[in-house]
There are 2 protein chains.
Amino acid sequence: MPAMPDQTDKPGAEPQVGAPVGAGRNLLFLREEELRLAQDLLFFGYRDFTAGPDKLLAELGMGRAHHRVLHFVGRRPGITVGELLGILGITKQSLARVLTPLVEQDYVLQATGRSDRRQRLLSLTPKGEALERQLFERQREWVMRAYREAGPVAVEGFRRVMRGLMGAEARAQLERLEAPAPPRAAAASLVRAG
Amino acid sequence: MPAMPDQTDKPGAEPQVGAPVGAGRNLLFLREEELRLAQDLLFFGYRDFTAGPDKLLAELGMGRAHHRVLHFVGRRPGITVGELLGILGITKQSLARVLTPLVEQDYVLQATGRSDRRQRLLSLTPKGEALERQLFERQREWVMRAYREAGPVAVEGFRRVMRGLMGAEARAQLERLEAPAPPRAAAASLVRAG
DNA sequence: AAAAATGTGTCAACCTTGCTGACCAAACAG
DNA sequence: CTGTTTGGTCAGCAAGGTTGACACATTTTT
């Protein structure tokens, strides 16, 4: 994913949508008010984006942290604990607090690595997949509504801006996530579930 | 509200891809992948978006909750405690824990309302404005980078999608925030700082 | 073979920021 | 006067982060 060469200082390109303001689009573009609006949008948007899953999770005695584990393990079956830590950006102890119950309750499976037997390769059990899918469905409908209302051009713009909001590390991790399922060796040897 | 049975003994009763046609399946897969990407983007993007202020706040012994108060009070000088509670979507007690120290440390000013003297109209002190500005600058640069890289069309799209991700309540609140500052009566009568 | 580094697990303590329930006081509205 | 609204506060609980220290198996290096 190379950097897209879109014009930021070229005055020729106007947003396709008629904003209420007509004057000096260019000047307005970087005005303080626009950036404060971005803060608001991210706060409200992210909060409501996570509200659906949160409610469901609460009924199961889980939280957002569990969802994140289910999500990223589902996205990368066979991921190691270390890789997951890198993606989540939390400490080993924090992860343990959510991962251990997930393994004990048969949502996540741990298998010892084949090439390196110190590793614990994580994957979702059928039960875990079912829950992840339920959680996903909630967000899927929510996001689809937003996508439909906004239109495809807006969606592409949304993605570009969100990528820009990510740091270099996160971008690298996202690329790996988008990659075509790498080592493929989830169901390995010894199972280590409690 | 779908109350979910915990016992998911049956592995994913319905295959998520209901369409029997190959092409349809592919389309559905792409759609799902797109939506999962949205999840990733929001997770990474929001995390890195808040990382800058978080670091600064930590040095002052504050957290994200303090920032939110500073942000919304700065956005709406003269806001009442009740309105702020509505925007943040937290309980009075949770707000008190961050608001009280902010008032005691002279970041936020409380003035009794003119029309209703039970109300405490909140506004930023110069000290509070200075801190809010520092926090804002960090996010401003971060967002500006993303906006510049993405371009104006993408930014407009981003805004549309983020609005779509908000619930009806949040949209109404955002509209009020974007409005031209209505009551305008911040520096009222009695000061109530500790 | 011995030593070092790596991957993972775990105990213990602490912080922030949500939550609930209960109760109080001031001010407004009838 | 009575009742409601707005706000403050005390006390306790939980989730989910943090750090530090240590244990253990395994792999790599010397």
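By convention in this document, chain letters (A, B, ...) are assigned in the order of the sequence lines, proteins followed by strands, and residues within each chain are numbered from 1. All of these numbers come straight from a predicted model, not from anything done at the bench.
- With rounding to whole Å, A/L88 atom CG is found 15 Å from D/dT18 atom C1'.
- Of all heavy-atom pairs between A/Y147 and B/A38, the closest is OH-CB, 3.3 Å.
- Note on B/R117: a side-chain N or O is less than 4.0 Å away from OP1 or OP2 of C/dA27.
- Whole-Å rounding puts the B/F43 CZ to D/dG16 P distance at 13 Å.
- When only modelled atom types and interatomic distance are considered, B/H67 and B/D54 share no side-chain donor-acceptor pair under 3.5 Å.
- Of all heavy-atom pairs spanning A/R47 and B/L88, the tightest one is NH1-O, 3.1 Å.
- By the 4.0 Å N-to-carboxylate-O rule, B/R140 lies close enough to B/E137 to be salt-bridged with it.
- Between D/dG8 and B/Q110, a contact under 4.0 Å exists linking OP1 or OP2 to a side-chain N or O.
- A straight line from CZ of B/R47 to C1' of D/dG17 spans 13 Å, rounded to a whole angstrom.
- D/dA15 atom P lies 15 Å from atom CD of A/E59, rounded to whole Å.
- Checked for salt-bridge contact, B/E178 and B/R159 miss the test: no charged N lies under 4.0 Å from a carboxylate O.
- A straight line from CZ of B/R114 to P of C/dC28 spans 11 Å, rounded to a whole angstrom.
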Base versus backbone protein contacts along nucleotides 14-24 of chain C [heavy-atom cut-off under 4.0 Å; B, S, -]:
--SBBBBBB--
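- Counting only heavy atoms from C-beta on, A/D116 has its side chain closest to C/dG7 among C/dT8, C/dG7, C/dA26.
- Using cut-offs of 30° and 60° on the angle between ring planes, the pair A/F49 and A/Y46 is tilted.
- Interface remark: the A/R118 side chain does form a donor-acceptor pair with the D/dT26 base, using a distance-only criterion of under 3.5 Å.
- Atom P of nucleotide D/dT26 and atom CD of A/Q119 are separated by 13 Å, given to the nearest angstrom.
- In this structure, the CG atom of A/L84 is 14 Å from the C1' atom of C/dG7, given to the nearest Å.
- Straight-line distance from the CD atom of B/E83 to the C1' atom of D/dG7: 14 Å, rounded to whole Å.
- Closest non-hydrogen pair, A/G78 versus A/S123, comes out as N-CB, 4.2 Å.
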